[in-house]
Amino acid sequence: MNKTKFRQFVEFLLKNNLVIVPQYNVEGYLHLAELKNPKDLYLGTELPLDSWKWYLIPPFQKMFDYKNDQFKEILPKVGKQIFLGVSILDLQALTLLNQVFEQDPYYQEIKKKTIVIGTSHVPKENFYKYFAKFEEDKLEHLQFDIFLAVQKNGYKIYSGSEDGQRLLDKFKYKNYQHIEYAGPIREEGLDQQMVSVMDGMQNFHEQKIWDDLGKRCMQCGKCTIACPVCFCFRMYDQSNLEKDSGYRSRCWDTCFYNEFTQVAGPAPAAPKHRLMNTTSQKIYFWYEHHFVRTPASFSLPGCVGCGRCTRTCPADIDIFQTQRDILKARQRKK
Ligand code: SF4
Ligand code: SF4
């Protein structure tokens with residue numbers, strides 16, 4: 001698709017849809033927002049600071065109402081939306097979220113109204129060698145509707161779903177290739193860098209790494225908000241003044257907050273009924289979630305190497321430096 005045709009494609013998308021894209025705001029930050037003017041669309045190697053999860057997993061969501069013993073599910077009311085310009089790292093993040101929320105009706109309700117258009121731009125922040133460059137055979141392990149592979153004078157177009165094909169057909173564009181999703185597991189298995197970090201954390205634990213990080217981390221939780229694959233919730237049950245009625249909701253949570261692992265217990269000792277009490281325990285737990293539990297549960301990297309957590313951390317904690325420290329400890333102790 002040459003550049004002129006691509007401009008027409010963007011205008012076509014804008015006609016009837018909410019199109020979310022990376023674009024610079026007035027302060028010069030690249031972020032995700034609704035596209036009003038095609039000229040504002042940014043397609044390149046820089047990553048927006050916020051991630052696409054904002055549009056798939058609302059930070060606050062009502063789940064159901066109850067009255068007496070009757071429950072009424074409240075599915076999110078969203079219109080059609082198009083994510084345009086999803087980097088290859090963020091496609092990997094969405095592929096993981098699709099698996100995590102495979103049985104979640106709230107996520108699925110939004111997802112079925114969402115078209116994802118990825119690009120082959122490799123972000124500068126990228127940490128993993130696997131994503132160092134785009135190769136066509138990587139596409140079969142990513143979930144998308146349409147993919148734009150950057151070429152000298154435009155894009156080579158791929159479809160990755162029937163929705164993507166329908167959209168291209170509607171635009172009367174035939175020159176695309178279809179890629180069938182082959183599942184998350186690559187032929188060579190899990191990412192080798194990820195496997196080494198996993199092994200380092202599981203078998204060559206070095207407490208000093210976590211104690212040092214624990215002294216620096218302020219438990220602000222910004223890294224979890226910025227991360228495209230952090231997905232933990234806090235559930236609330238709210239009763240109404242009216243007898244035997246109320247609702248349940250969920251909102252984003254972070255494992256750095258004290259209440260995250262608080263469990264019931266007798267007052268006044270209740271505040272101590274937590275599974276994690278020190279900052280080093282919390283930060284270890286966060287890394288363990290990304291580098292051990294997620295790959296073990298979903299056969300996908302629990303970190304896509306986008307560096308958003310590092311960019312937002314007020315304590316300058318660099319996730320890639322921590323990974324290097326884990327690998328060095330592993331090397332020393334092996
Ligand atoms: S680099 Fe940080 S923000 Fe990005 S996926 Fe990994 S843990 Fe999340
Ligand atoms: S952003 Fe940094 S300081 Fe804040 S919780 Fe995360 S690691 Fe700790």
Side-chain angles (χ1 to χ4, degrees), residues 16-20 32-34 50-83 93-116 143 145 161-163 166 181 184 221 224-276 282 285-286 289 293-294 296-300 302:
N16 296 311
N17 304 289
L18 170 71
V19 183
I20 320 281
L32 298 176
E34 182 184 350
D50 44 357
S51 77
W52 303 91
K53 77 175 177 184
W54 284 85
Y55 297 92
L56 283 170
I57 316 168
F60 175 86
Q61 199 161 34
K62 257 190 167 187
M63 301 170 76
F64 58 79
D65 281 320
Y66 67 86
K67 190 159 185 168
N68 301 319
D69 56 355
Q70 300 295 312
F71 291 83
K72 195 170 140 230
E73 198 168 50
I74 308 170
L75 290 176
K77 287 191 178 68
V78 287
K80 274 201 142 230
Q81 59 180 2
I82 294 178
F83 296 172
L94 292 180
T95 303
L96 173 62
L97 291 182
N98 288 345
Q99 277 208 60
V100 173
F101 290 94
E102 197 174 7
Q103 305 290 330
D104 184 283
Y106 309 95
Y107 181 90
Q108 292 301 329
E109 183 67 17
I110 300 180
K111 182 179 171 277
K112 74 180 183 201
K113 294 185 179 150
T114 305
I115 293 277
V116 174
Q143 286 182 309
D145 296 293
S161 71
E162 285 181 16
D163 283 347
R166 265 194 291 275
Y181 180 57
T224 61
I225 303 293
C227 176
V229 292
C230 267
F231 51 76
C232 289
F233 286 109
R234 175 183 303 217
M235 311 285 259
Y236 287 103
D237 284 336
Q238 177 74 48
S239 55
N240 295 334
L241 288 176
E242 189 188 342
K243 198 169 167 263
D244 293 332
S245 73
Y247 64 87
R248 174 169 289 182
S249 59
R250 65 184 184 187
C251 76
W252 290 3
D253 202 357
T254 157
C255 47
F256 289 94
Y257 291 172
N258 280 337
E259 299 80 11
F260 186 76
T261 57
Q262 194 159 315
V263 291
K272 292 195 179 141
H273 286 242
R274 287 187 215 119
L275 302 177
M276 295 186 293
K282 291 174 187 173
F285 181 88
W286 189 72
H289 173 101
R293 290 193 304 273
T294 301
S297 307
F298 298 102
S299 305
L300 275 169

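With contacts defined as side-chain heavy-atom distances shorter than 4.5 Å, the pair T95/Y181 qualifies. Considering only heavy atoms from C-beta on, P58 comes within 4.5 Å of I110 through its side chain. Residues C230 and T254 are not in side-chain contact: their nearest non-hydrogen atoms beyond the backbone lie 4.5 Å or more apart. Using a 4.5 Å heavy-atom cutoff, the side chains of F71 and D65 are not in contact.
Contact record, T224 with C255: CG2-SG, 4.5 Å, taken as the closest heavy-atom pair.
Here CD1 of I57 is found 13.0 Å from SG of C251. Values are rounded to the nearest 0.5 Å. The structure places OH of Y107 at 8.5 Å from OG1 of T114, a figure rounded to the nearest 0.5 Å. Between the CG atom of L56 and the NZ atom of K113 there is a distance of 13.0 Å, given to the nearest 0.5 Å. Taking OH of Y247 as the start and NZ of K72 as the end, the distance is 14.5 Å to the nearest 0.5 Å.
For the pair R250 and D104, the salt-bridge criterion is met [side-chain N within less than 4.0 Å of a carboxylate O].
With no hydrogens or angles considered, no side-chain donor-acceptor pair links D244 and Y66 at under 3.5 Å.
Ring geometry for F256 against W286 counts as tilted: the plane angle lies between 30° and 60°, on a 0 to 90° scale.
A donor-acceptor contact shorter than 3.5 Å is absent between the side chain of K111 and the backbone of E102.
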